[in-house]
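Written below as structure tokens is the structure these notes are about.
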Amino acid sequence: QESRGLGDVYKRQKQRLMDSNAFSSPINSSVQENLIKVIGIGSGGCGIVRFIRQVRLENISFATYDANVIALDKYEDIFMEIQFSKILFIIAYMDEVIGMETIPVIARVAKELNVTTVGILIIPPSYDTTDGKILEQNKSIKNVMQYTDSLQIIHGKSIVSSLGADFNIQNIINQHVLTIIGDIMNIITRNNMVAMDFADINWALKGGGLGFVSSGIGKGRKRIENAIQDALKLPLCDGLDISEAKRLLLNFTYGKEENVSLLKDMDTIKHFIETMSFVETTFGFERGSNNISENAVKVTVVASGFEKNEK
């Protein structure tokens, strides 16, 4: 198995950069068609799926379950829904019993099919955080983590404490879930300057446990450092310390500028990663995005392997 140690990754990516064949081709559209499946559970999860559908992302298919799949014996339906998928996102709210009971059911089917499963669990600001409820929450989260490869937890109270109650919290949650799914899809399917593909994403997520996906924009002379800092200050990360992750994937996206000093940027990234010497890391680059201004860079961070501290 290919090592993910910093030295090996740095040498491999530098060689790719200097190779004239470093530019990868996008995945064939016929293969992409059902590459990612997004399932919403309960009224909250279904609402987020409806929001994402309006954006009309390509190569993603959707399903919703607003009733308990255990009671409805939906095993065959679930099997048919996800059998050709590579990555499955399951979205649910902590305060809806249907979501907490259904995520493990769907994730078990996905495991049989070797589909990488990412649970996105939203804990609303109104969720009761008395001692008894926290214990119940941790038990439920542990059960979900047992069957999903990666679990992303979005804490509504963290959003409120960071941004204030005047913001539309649901809209922020919707946008964040959309960003998680969209950024991962982009990494898999776009032309990369230093090849990053499904295998890299799968490495970061498969069996990764508690984690997060975030992105940030950096400008100016220290655009790499600024982009990483912007990605890690997101309140939805809920205080997770990036240095405590066991796996870290970084994907940098540039605009249409002609001269990108990637070798210099790679040295900056190497320096950042060296501060987390025990974290397994991989990184890649892509250019030509219409959404990134000149002399700016966007970073997508996929981190996993955080420990869950139970109370």
Side-chain angles (χ1 to χ4, degrees), residues 9 13 52 55 57 89 118 120 150 152-155 158-159 161-164 167 169 171-190 192-194 196 200-201 204-205 208 210-245 247-257 260-262 264-276 279 281-306:
V9 170
Q13 302 293 52
I52 297 174
V55 182
L57 295 174
F89 290 91
V118 180
I120 301 180
S150 177
Q152 322 270 318
I153 301 177
I154 299 176
H155 293 262
S158 296
I159 302 172
S161 62
S162 176
L163 302 178
F167 284 83
I169 304 302
N171 187 54
I172 294 172
I173 292 172
N174 290 346
Q175 291 288 347
H176 184 59
V177 175
L178 173 62
T179 299
I180 291 173
I181 297 170
D183 282 349
I184 287 180
M185 190 72 222
N186 288 339
I187 290 173
I188 296 172
T189 60
R190 283 185 177 174
N192 287 351
M193 297 171 73
V194 178
M196 179 164 284
D200 294 292
I201 286 291
L205 296 174
L210 191 63
F212 70 83
V213 177
S214 182
S215 59
I217 301 289
K219 298 180 180 179
R221 188 170 57 87
K222 294 186 176 181
R223 60 183 179 180
I224 294 293
E225 298 98 319
N226 294 339
I228 294 173
Q229 290 174 6
D230 188 44
L232 299 182
K233 73 181 182 182
L234 196 69
L236 292 91
C237 297
D238 195 48
L240 292 176
D241 186 346
I242 191 68
S243 67
E244 295 177 0
R247 301 177 197 167
L248 179 65
L249 179 149
L250 302 170
N251 191 65
F252 296 88
T253 305
Y254 296 82
K256 291 185 176 296
E257 58 190 285
V260 178
S261 56
L262 286 189
K264 180 180 178 181
D265 285 353
M266 285 179 71
D267 287 336
T268 303
I269 296 164
K270 182 173 180 284
H271 177 73
F272 166 75
I273 294 172
E274 282 174 343
T275 64
M276 303 172 291
V279 178
T281 310
T282 191
F283 54 88
F285 303 88
E286 64 181 80
R287 71 178 176 188
S289 173
N290 293 322
N291 299 321
I292 308 297
S293 62
E294 188 174 349
N295 297 320
V297 64
K298 173 185 176 181
V299 63
T300 298
V301 179
V302 182
S304 64
F306 294 95

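Atoms considered below: every heavy atom in the structure, side chains included; atoms not considered: hydrogens, waters and symmetry mates. Since the structure is predicted, the reported quantities are computational estimates derived from the model, not experimental observations.
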TODO: Answer whether the closest heavy-atom distance between the side chains of Thr253 and Thr300 falls below 4.5 Å.
DONE: no

TODO: Evaluate the side-chain proximity of Ile273 to Phe283: yes if any heavy-atom separation is below 4.5 Å, no if none is.
DONE: yes

Open item on the list: Once side chain to side chain contact (heavy atoms under 4.5 Å, CB included) is applied, do any residues pair with Ser150, and if so which ones, sequence neighbours excluded?
Closed with: Val118, Gln152, Leu205

Open item on the list: Using modelled atom types and a 3.5 Å cut-off, is there a donor and acceptor pairing between side-chain atoms of Ser214 and backbone atoms of Val301?
Closed with: no

Task: Nearest atoms (heavy-atom pairs only) where Ala204 meets Ser304 - done: O-OG, 2.6 Å

Task: Smallest separation among heavy atoms of Lys219 and Ala296, with atom names - done: CG-CB, 3.8 Å

- [ ] To the nearest 0.5 Å, tell me how far Asp200 CG sits from Leu249 CG.
- [x] 6.0 Å

Task: pair Phe306-Ile153: side-chain heavy atoms closer than 4.5 Å - done: no

Open item on the list: Return the CD1 to CD1 distance between Ile201 and Ile188, rounded to the nearest 0.5 Å.
Closed with: 5.5 Å

Task: Step-by-step side chain to side chain contact (heavy atoms under 4.5 Å, CB included) determination, Asp265 to Arg223 - done: CA-CA 9 Å; Asp265 285 353; Arg223 60 183 179 180; 3.8 Å; yes

TODO: Work out which heavy atom in Ala231 is nearest to a heavy atom in Gly216; give both atom names and the distance.
DONE: CB-N, 3.6 Å

Open item on the list: Please enumerate all residues that pass ring-ring contact (aromatic ring centres under 6.0 Å, His included) together with Phe252, with sequence neighbours excluded.
Closed with: Phe285

Open item on the list: Within the structure provided, determine whether Ile52 and Phe89 are in side-chain contact (heavy-atom separation under 4.5 Å).
Closed with: no

- [ ] For residues Gly218 and Asn226, report the shortest heavy-atom separation together with the two atoms involved.
- [x] CA-CB, 3.9 Å

- [ ] Look up atom CD in Glu244 and atom CG in Leu210, then write down how far apart they are to the nearest 0.5 Å.
- [x] 10.5 Å

Task: Glu225 CD to Ile228 CD1 distance, which is reported to the nearest 0.5 Å - done: 7.0 Å

- [ ] Could you grab the distance from atom CZ of Phe212 to atom CD1 of Ile180, nearest 0.5 Å is fine?
- [x] 10.5 Å

- [ ] Nearest 0.5 Å please: distance from the CZ atom of Phe272 over to the CD atom of Gln229.
- [x] 9.0 Å

Open item on the list: I'd like to know if the side chain of Asp230 reaches the main chain of Ile217, judged simply by a donor and an acceptor atom lying under 3.5 Å from each other, with no hydrogens or angles considered.
Closed with: yes

Open item on the list: Tell me which one of Val299, Thr281, Leu250 satisfies side-chain contact (heavy atoms from CB on, under 4.5 Å) with Ile269.
Closed with: Leu250

Task: Of all pairs that satisfy salt bridge (Lys or Arg N to Asp or Glu O under 4.0 Å), the ones with a partner from residues 175-188, not counting sequence neighbours - done: Asp183-Lys298

Task: Sub-4.5 Å side-chain heavy-atom contact between Asn186 and Asn251 - done: no

